[in-house]
Enquirer: 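Quick one: this structure, given as structure tokens, is what I'll be asking you about.
First listed ligand is number 1; within each ligand, the first listed atom is number 1. Heads up: numbering here begins at 1 and tracks the sequence.
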Amino acid sequence: MTIHLDMYEGIVGAPVIGQLRQLAKGLQGKRVVHVNSTREGGGVAEILDWMVPLMCDMGIDARWEVIQGTNEFFNVTKSIHNGLQGYPAPITTRGWQTYLDVNVANFETLRPILEEAEVVLIHDPQPAPLLKLCQNRKGKWIWRGHIDISHPYRPVWKGLKPYVAGYDASIFSMNTFAHPLPHPQFIVPPSIDPLSDKNCDLEYSELEQVRARFGLDPDRPLVVQVSRFDRFKDPLGVIAACRLVRTVTPLQLVLAGGGATDDPEGKAMLDEVMEEAAGDPDIHVLLLPPNDDRTINALQRLADIIIQKSTKEGFGLTVTEGLWKGKPVIGGDVGGIRRQVVNYHTGFLVNTPEGAAHRIRFLLHHHDLKKEIGIKAKEFIRENFLLTRQLREYLTLFHEALQ
Ligand code: UDP
């Protein structure tokens, strides 16, 4: 489906669309090139999927280029990624050379478009060296770091810094994710697409089908956590919390996640969760295929309460998704969850299974407040974390860059 800005008018209102069109006026025909390293899979590709067509729809000459790499290159960039997040991930001299060589090869292909672009947005570390290679650049170059690089593994940062320091600016998702660099830094949090399969409205019949498919009882409350099976998402803590609640109130729990089987750490976590849930008919551990967005959407909509009891988190898009569906979210008091969950307004922040159990019980016994929180939650996301806000911030930044 081709998306157009006007399709969002019914959700965000005509003034928001009008403001975006106004902002885009001074950017007509400007060539903005996004570069990343994958066309699909992962959050960056998901954002570029809507951002590039919507920028084009506003009259900007937006392009999306993807660099090609070898297995060796992607092994090195995975280590860079881990290292930036603070894990000791040593990279050999040969590894850094591969990193540069692959960028040199890609630069040869991309040279004309990069030299001519008015704004270049380089996403994440993989294509970062392109700036150094582009000797005849005409435009401004911005490095868009999507991960938390505030406490990197020093040797990796030492190797990467010379490539990113030369950018005209950088963008991070949260202020706590940034790292000192000798240029202006901007904070642009992520956002969700309210018309995507993950977030669009669903017919009641589709919700019913999903409910039946997983054997969920419409008469008992349901708590849902959608997450990779990862220790930091604390699925065992969620089970413990729900069991505490069940000593006084019936409750069903869905833990939905996917893609764990080819990830050794994920597999071990999934096994532990399965073992903990074994024989308990009210704990549903669902292993979903990748991109099963409508099922996730339906599960979030079937829930009475969304939980995201992470003990470490980036921004926490599952929280955004849950709030957008008008659900109170009980979230771990960490990372971007803190920016989204406000006690008594959009949900509750918790630190322990006991705390989570207390808040689940509280919400289940205060129907009116639960409803009120749900309404506020959706409006909070409409105001702050839909793609139109992210577009506005990008366009504003382009204006500044092009002054
Ligand atoms: N997600 C999914 N399938 C799964 C588990 C998660 O599509 O089995 C989605 C989820 O809906 C959200 C994203 O993956 O859009 C996870 O983003 P988040 O920021 O919550 O956590 P991360 O996995 O990036 O740590």
Side-chain angles (χ1 to χ4, degrees), residues 38 40-50 78 81-82 84-87 123-124 145-149 172-174 176-177 188-200 202 210 213-214 224-235 238 253-263 265-267 269-270 273-274 284-303 306-325 327 329-341 347 381 384-387 390:
T38 172
E40 53 193 13
V44 180
E46 204 157 300
I47 290 170
L48 293 179
D49 254 337
W50 56 256
K78 176 83 189 173
H81 179 94
N82 290 340
L84 288 177
Q85 296 193 101
Y87 299 100
H123 293 265
D124 280 337
H146 290 269
I147 55 173
D148 181 352
I149 66 161
F172 296 94
S173 296
M174 311 231 307
T176 52
F177 287 8
V188 180
S191 62
I192 56 167
D193 177 355
L195 297 181
S196 68
D197 278 348
K198 179 79 63 64
N199 297 305
C200 64
L202 297 178
V210 171
R213 189 168 124 212
F214 296 118
V224 170
Q225 173 159 303
V226 174
S227 274
R228 292 178 290 108
F229 289 97
D230 180 313
R231 195 158 302 282
F232 296 120
K233 307 285 183 184
D234 198 17
V238 176
L253 169 65
V254 163
L255 289 170
T261 39
D262 56 353
D263 164 6
E265 285 171 34
K267 173 83 173 66
M269 189 69 246
L270 176 64
V273 171
M274 290 285 208
H284 303 258
V285 181
L286 309 181
L287 201 53
L288 300 176
N291 305 323
D292 198 357
D293 289 352
R294 290 186 86 91
T295 302
I296 290 177
N297 186 345
L299 288 167
Q300 289 168 329
R301 285 177 192 280
L302 287 168
I306 297 286
I307 190 159
Q308 188 56 60
K309 220 203 88 40
S310 310
T311 54
K312 205 170 176 186
E313 190 55 84
F315 183 70
L317 276 177
T318 53
V319 172
T320 328
E321 293 159 7
L323 294 172
W324 176 243
K325 280 140 197 153
K327 309 294 172 178
V329 174
I330 295 178
D333 189 4
V334 288
I337 300 179
R338 288 182 175 151
R339 281 212 57 183
Q340 304 185 70
V341 175
I381 298 305
N384 298 291
F385 297 115
L386 292 187
L387 48 69
Q390 201 176 349

Enquirer: Measuring only between side-chain heavy atoms, which start at C-beta, is Lys327 closer than 4.5 Å to Gln300?
Expert: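 No, their side chains stay 4.5 Å or more apart.
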Enquirer: Return yes when Glu46 approaches ligand 1 closer than 4.0 angstrom through a heavy atom, no otherwise.
Expert: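 So Glu46 does not count as touching ligand 1.
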Enquirer: Gly258 heavy atoms, cut-off 4.0 Å: which ligand 1 atoms fall inside?
Expert: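 Near Gly258, the atoms of ligand 1 are 4 (C), 8 (O).
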Enquirer: Any nitrogen or oxygen of Arg228, side chain or backbone, less than 3.5 Å from one on ligand 1?
Expert: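 Yes, since at least one N or O of Arg228 sits under 3.5 Å from an N or O of ligand 1.
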Enquirer: Under 3.5 Å, is there a donor-acceptor pair between the side chain of Thr38 and the main chain of Glu40?
Expert: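 Side chain of Thr38 to backbone of Glu40, a donor-acceptor pair under 3.5 Å: yes, one is there.
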Enquirer: Do Met269 and Asp230 pass the side-chain contact (heavy atoms from CB on, under 4.5 Å) test, and can you show the C-alpha distance, the side-chain angles, and the key distance before you say yes or no?
Expert: CA-CA 6 Å; Met269 189 69 246; Asp230 180 313; 5.6 Å; no
Enquirer: Give the numbers and elements of all ligand 1 atoms closer than 4.0 Å to a heavy atom of Glu313.
Expert: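 Listed by number with element: 21 (O), 25 (O).
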Enquirer: Please list, in number order, the atoms of ligand 1 under 4.0 Å from a heavy atom of Glu321.
Expert: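 Counting from 1, the qualifying ligand atoms are 10 (C), 11 (O), 12 (C), 15 (O).
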Enquirer: For ligand 1, which atoms, with element, lie under 4.0 Å from some heavy atom of Gly257?
Expert: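 In order of number, 8 (O).
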Enquirer: Do Lys198 and Asp49 sit within salt-bridge range, that is, some charged N less than 4.0 Å from a carboxylate O?
Expert: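 Between Asp49 and Lys198 there is no salt bridge, as every charged N stays at least 4.0 Å from the carboxylate O atoms.
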Enquirer: Counting both backbone and side chain atoms, is some N or O of Leu317 under 3.5 Å from an N or O of ligand 1?
Expert: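 N/O-N/O distance below 3.5 Å exists for this pair.
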Enquirer: Quick test of your reading of the structure: of Thr318, Asp197, Val226, whose heavy atom lies closest to atom 20 (O) of ligand 1?
Expert: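 Going through Thr318, Asp197, Val226 one by one, Thr318 has the nearest heavy atom to atom 20 (O) of ligand 1.
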Enquirer: State, without any angle test, whether Asp193 and Ser196 hold a side-chain donor-acceptor pair at a distance under 3.5 Å.
Expert: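 Note: Asp193 and Ser196 side chains miss the donor-acceptor criterion.
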Enquirer: Does any N or O in the side chain of Gln390 come within less than 3.5 Å of the main-chain N or O of Ile47, such that one atom is a donor and the other an acceptor?
Expert: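 It does not hold such a pair.
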Enquirer: List every atom of ligand 1 that sits less than 4.0 Å from any heavy atom of Lys198, numbering the atoms from 1 in the order shown and giving each element.
Expert: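 With Lys198 as reference, the close atoms of ligand 1 come out as 7 (O), 9 (C), 10 (C), 11 (O), 15 (O).
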Enquirer: At less than 4.0 angstrom from any non-hydrogen atom of Gly316, what atoms of ligand 1 do you find?
Expert: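 In order of numbering, the contacting atoms are 19 (O), 20 (O).
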Enquirer: Is it the case that over 12 heavy atoms from other parts of the model lie below 6.0 angstrom from the CZ atom of Arg339?
Expert: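 Not buried by this count: 12 neighbours or fewer within 6.0 Å.
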Enquirer: With heavy-atom distances below 4.0 Å as the criterion, list the atoms of ligand 1 near Ile296.
Expert: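 Reading through ligand 1 atom by atom, the close ones are 2 (C), 3 (N), 4 (C), 7 (O).
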Enquirer: Answer yes or no: is there a donor N or O on one side and an acceptor on the other, between the side chain of Glu313 and the main chain of Gly335, under 3.5 Å?
Expert: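 Flag not set: sc Glu313 to bb Gly335 has no pair under 3.5 Å.
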Enquirer: Where on Lys233 is there a heavy atom closer than 4.0 Å to ligand 1, on the side chain, on the backbone, on both, or on neither?
Expert: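 Within the 4.0 Å criterion, Lys233 contacts ligand 1 through side-chain atoms alone.
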